[in-house]
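Here's the structure we're looking at; comments come further down.
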2 protein chains.
Amino acid sequence: VDERLKASQIGERALVRYISKFVNKIDNLRTIGIGDDCAAVPVDDDYLLITTDMITAKTHIPTGMTPYQTGWHIVAINLSDIAAKGGKPIGIVVSLGLKSNTELKFVKALAQGMQKCASTYGTSIIGGDTKQSSDLTLSGTAIGLVPKSEIMLRRGAQPGDTVAVTSEIGTAALGYYALKHRLNLKRCIKKFLQPLPRVYEGRALAQTRCVTSAIDISDGLAASIHQIGMESKVGFQIDFASIPKPFELEYIKKIKKSATNVRDIVLYFGGDYELLVTIKKNRFRKCYHLLKHMGVSLTAIGSVTKHKRFIAFENNTEFDIENKGYEHFKH
Amino acid sequence: VDERLKASQIGERALVRYISKFVNKIDNLRTIGIGDDCAAVPVDDDYLLITTDMITAKTHIPTGMTPYQTGWHIVAINLSDIAAKGGKPIGIVVSLGLKSNTELKFVKALAQGMQKCASTYGTSIIGGDTKQSSDLTLSGTAIGLVPKSEIMLRRGAQPGDTVAVTSEIGTAALGYYALKHRLNLKRCIKKFLQPLPRVYEGRALAQTRCVTSAIDISDGLAASIHQIGMESKVGFQIDFASIPKPFELEYIKKIKKSATNVRDIVLYFGGDYELLVTIKKNRFRKCYHLLKHMGVSLTAIGSVTKHKRFIAFENNTEFDIENKGYEHFKH
């Protein structure tokens, strides 16, 4: 790798892989580390889950996001990584980089949003730090526990497994475009600004031990499919029509001059923080009913294939699911 | 509190207290949280220690600090909080906010510094995140474990206890002034830029169960004394002459026009990341020999008093130890 390359030229995911070359060979510790978004350290019969996510004014805090929602957001996206592993969160710490002229009123709303999100998912803000910064920066770390026998990883998907997603996909993307083009799609905008991590659903799915792999859909369905495929060394075949989509999707026609389309919104945007899971085929119904009981839909959208291709079908036409999605430094 | 006040008007510590009003009443969870710099969550017979610290280009990365040292620094200051609790670190995650034109060479040196510090103290970088930011921002979270019976807290100091510090105090401050005024005090500059957290020493002291309270001296000896005093509801009486100081201290006379003096350097600056502990009086010798065996001095500098005053003596003259020190937003 040419060391004179800039972060913006290689993108966030390649940058994380580059950094991981210079940090510990953690396999020695039986720790599951960088590459799975969430580290898992063995502690007795459990894995201790540790995940960290940063958001900055420059990249992640769109106009229209209130300080309360910003606080909610930093906690939600960290809890989402715990959810994807099937873990129970036990605490969150948040560091705040604040401009020196930040008013206490703003800080209070941030803290209230953080607190509300944590308590909604049965956990607490247990610490933090504040520092002066040129721009608002929030860095959160969530800690969770999951029994070793129940952890869900990105590797483990087997050919023949059913591919499924929670709730619906594309809602947050629609919310983004609605905000940008001033469409009154309140439900979508709220999902974009204040996502609901699938903490209880992830935990419930893990307890069934029927899930062979899992990931939260933060950077888009396509990117998540590719990540599971890469880690599990399998391919995916997706029925595009069966992907549950927001009913407001017809409104994108109203967005004049927008180059976006349904595929971009459903596959390549992200921000929904729903779960993508692969499940042993004959156990899908069990998982479906379990989540239905919790008030959340689980929809089969395709199957895992031995052949390492990532394909979707729509009206009997096949197209490739590209390995692209929301990625920082590349916008 | 007037909510229109700015972060810069109230300072970092008051800001953290303000935020803590809006987050969980974590005592319900038997979790020791905000206020002790390090959260402690009960897990079986241990406390899981979680601490987070952020550094930003604006406040913490002085001219002269290499990217390697910056990476070392973010890991060292987080490990120092684990050390003060007597914990064994089990992993560190670091989020990097990077300018988009950051070269990979810089990122590599950051990662190598992070890795070297972690491995020096027997632990690993187990995860992280990168985001685009206007200015370099590093946020680290260290995780550790300590048996419940051995944890060292800020509360617990008793009148009559001996007050002691590891190694020497003021070296990092001298390093800061040496950098600023181009004095060739290499040892001090290195301590300022690349501090050594007392991880092994903290763990060894905790195992003796003779330590009644402990803190790492990050923001200055005076601030640390006041924090222990406040949390333990006691006072301190310090023999200023007995505080171990760097032999290079005589060089501050060479700093023309500098308003600084020995007291400022030893009491009110910080950055040494040494440990301040209170120890049952008749157990001090035991702790002294234990650390001597590890190659580190432990020096008695005074005693804990029932009367809640913070006093130092120098040449038979008494003076107040003020509750001030390095504090962000206030510079």
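Residues A:Leu48 and B:Ile143 are in side-chain contact: their nearest non-hydrogen atoms beyond the backbone lie under 4.5 Å apart. Inter-residue side-chain proximity for B:Val107 and A:Ile19 is flagged as met; some heavy-atom pair is nearer than 4.5 Å.
Contact count against chain A (heavy-atom pairs under 4.5 Å) is highest for B:Leu104 among B:Leu5, B:Leu104, B:Thr141, B:Thr52. Note: B:Ile50 leads B:Ile50, B:Val94, B:Ile55 in heavy-atom pairs under 4.5 Å with chain A.
Summarising the local packing, CG of A:Asn101 is surrounded by more than 12 heavy atoms from other residues, nucleotides or ligands at distances under 6.0 Å. Counted within 6.0 Å of CG on A:Asp2, heavy atoms from surrounding residues, nucleotides or ligands total more than 12; the atom is thus considered enclosed.
The line from CG of A:Leu98 to OG of B:Ser8 is 10.5 Å long, rounded to the nearest 0.5 Å.
B:Gly97 approaches A:Met54 most closely through the heavy-atom pair N-SD, 3.5 Å. Closest non-hydrogen pair, B:Ala111 versus A:Val23, comes out as O-CG1, 4.1 Å.
Test A:Asp53, A:Thr137, A:Leu15 against B:Lys131 for side chain to side chain contact (heavy atoms under 4.5 Å, CB included) and you get one pass: A:Asp53.
Residue pairs meeting the salt bridge (Lys or Arg N to Asp or Glu O under 4.0 Å) criterion with at least one member in residues 100-123 of chain B, sequence neighbours excluded: A:Glu3-B:Lys108, A:Lys6-B:Glu103.
Using a 4.5 Å cut-off between heavy atoms, B:Asp46 does not touch chain A at all.
A:Thr56 and B:Ser133 form no side-chain donor-acceptor contact under 3.5 Å, judged by distance and modelled atom types alone.
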